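Here the structure comes first, spelled out in structure tokens, and everything after it is commentary.
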Number of protein chains: 2
Amino acid sequence: MEARSQVTPATPPDPCDAFNRDCPGREVLDHLTSRWGLLILVGLQGGPLRFHELRTLIDGVSEKMLSQNLRTLVRDGLLSREVLPTVPPSVRYALTPLGADAAAPLETLLRWVKGNAREVVAAQTGHDAGAVTVPPQ
Amino acid sequence: MEARSQVTPATPPDPCDAFNRDCPGREVLDHLTSRWGLLILVGLQGGPLRFHELRTLIDGVSEKMLSQNLRTLVRDGLLSREVLPTVPPSVRYALTPLGADAAAPLETLLRWVKGNAREVVAAQTGHDAGAVTVPPQ
DNA sequence: CAGTATCCTGGGGGATACTG
DNA sequence: CAGTATCCCCCAGGATACTG
């Protein structure tokens with residue numbers, strides 16, 4: 001294994017660039033940036049939450065979508081799922097170390113949006129106003 | 001207004017939290033994290049590109065989707081679109097300052113995926129192997 | 001409480017063809 | 001070259017109902 005010095009001196013073994021269609025990163029990226037997946041990951045940064053707590057936190061998500069996304073993220077190794085042996089069963093979802101790692105840039109993104117959404121909306125309306133295809137006479 | 005001081009003393013004027021369903025940030029977030037939107041923004045970090053250059057860079061995108069996403073991002077004020085008066089018309093897309101600002105966290109995310117996609121894939125296969133519903137025998 | 005199952009609809013998104 | 005228009009399929013995702 002260490003005899004491979006001739007091929008690529010210092011090139012990191014990363015053929016997994018999302019700009020390529022066959023890269024597995026495409027799928028991972030889709031999970032991370034899916035509308036609900038992103039909010040789940042970031043929402044869990046404050047600590048573990050139960051199903052219904054997540055449902056409450058993430059306004060507008062349906063049970064189906066929440067459940068579906070949770071399963072995907074657990075499968076991806078980004079979340080852990082722990083069933084507590086209480087009488088009404090309760091399940092606790094938490095970020096794995098890998099998930100916490102992924103959540104960080106997502107939170108940065110979310111914060112950017114929070115701070116700049118209004119500016120974007122302003123740009124939209126400005127654009128719509130300026131893009132008059134039919135100049136008045 | 002000040003008579004309502006009992007409710008929330010020092011609430012920051014940011015009702016635009018993407019965790020709320022009616023927040024305009026939801027839509028902005030969708031544009032930023034859409035499969036092609038993200039790659040366009042990050043792809044333009046190296047400098048302006050023309051339509052077909054983007055099409056080549058972003059493997060697998062159709063002309064329709066590229067065009068559609070470009071229009072959306074221009075409208076959002078994240079990209080600029082400049083038509084050059086050449087004989088075969090050429091169009092140059094570039095990040096606006098706002099767009100460059102947004103692209104930064106997206107690039108961080110993309111780099112994370114690039115570095116950790118394999119680990120996620122490994123988690124997936126491990127999960128699939130462990131989740132044997134029908135024990136062999 | 002924490003889901004799964006089923007039905008159904010809108011639109012994301014690909015392929016192809018045409019235009020300025 | 002840089003798109004727009006059209007057709008069409010598939011599935012994300014909501015609503016509702018049922019289960020352990």
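Chain letters run A, B, ... following the sequence lines, proteins first, then strands; residues in each count from 1. What you see is a predicted model; the values in this text were computed from it and never measured.
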Given [N], is OP1 or OP2 found less than 4.0 Å from the side-chain N or O atoms of [X]?
{"X": "Tyr93(B)", "N": "dG3(D)", "result": "yes"}
{"X": "Arg50(A)", "N": "dA2(C)", "result": "yes"}
{"X": "Ser67(B)", "N": "dT4(D)", "result": "yes"}
{"X": "Arg71(A)", "N": "dT4(C)", "result": "yes"}
{"X": "Arg92(A)", "N": "dC1(C)", "result": "no"}

Regarding Arg81(B), tell me which of base, sugar-phosphate or nothing describes its non-hydrogen contacts under 4.0 Å with the strands shown.
sugar-phosphate

In Å, rounded to the nearest 0.5 Å, how long is the span from CZ of Arg71(A) to CG of Leu79(A)?
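With rounding to 0.5 Å, CZ (Arg71(A)) is 13.0 Å from CG (Leu79(A)).
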
Nearest-0.5 Å distance that lies between atom CZ in Arg111(B) and atom CG in Asp17(A)
11.5 Å

Can you find a heavy atom in the side chain of Leu38(B) that is under 4.5 Å from one in the side chain of Leu109(B)?
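They are in contact (side-chain heavy atoms under 4.5 Å apart), so the answer is yes.
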
Test item: Gln45(B) and Val42(B) side chains (from C-beta on) under 4.5 Å apart, heavy atoms
yes

Rounded to whole Å, how long is the line connecting atom [atom1] of [X] with atom [atom2] of [N]?
{"X": "Leu66(B)", "N": "dG3(D)", "atom1": "CG", "atom2": "C1'", "value": "10 Å"}
{"X": "Asp30(A)", "N": "dA12(D)", "atom1": "CG", "atom2": "P", "value": "10 Å"}
{"X": "Leu49(A)", "N": "dG3(C)", "atom1": "CG", "atom2": "P", "value": "13 Å"}
{"X": "Glu82(A)", "N": "dG3(C)", "atom1": "CD", "atom2": "C1'", "value": "17 Å"}
{"X": "Leu73(A)", "N": "dG3(C)", "atom1": "CG", "atom2": "P", "value": "13 Å"}
{"X": "Glu63(B)", "N": "dC1(D)", "atom1": "CD", "atom2": "P", "value": "10 Å"}
{"X": "Lys64(B)", "N": "dT16(C)", "atom1": "NZ", "atom2": "P", "value": "14 Å"}
{"X": "Glu53(A)", "N": "dA2(C)", "atom1": "CD", "atom2": "P", "value": "8 Å"}

On DNA chain C, check which nucleotide each of Val61(B) and Ser90(A) is closest to and give me the residue with the more 5' one.
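Closer to the 5' end of DNA chain C: Ser90(A).
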
Pairing nucleotide - dG20(C), Watson-Crick or G-U, each distance under 3.5 Å:
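Because both required distances fall under 3.5 Å, dG20(C) counts as paired with dC1(D).
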
Hey, any chance Val83(A) and Phe51(A) share a hydrophobic cluster, counting ILVMFWY side chains that come within less than 4.5 Å of each other, even indirectly?
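Yes, because Val83(A) and Phe51(A) connect within a single hydrophobic cluster, where side-chain heavy atoms sit under 4.5 Å apart.
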
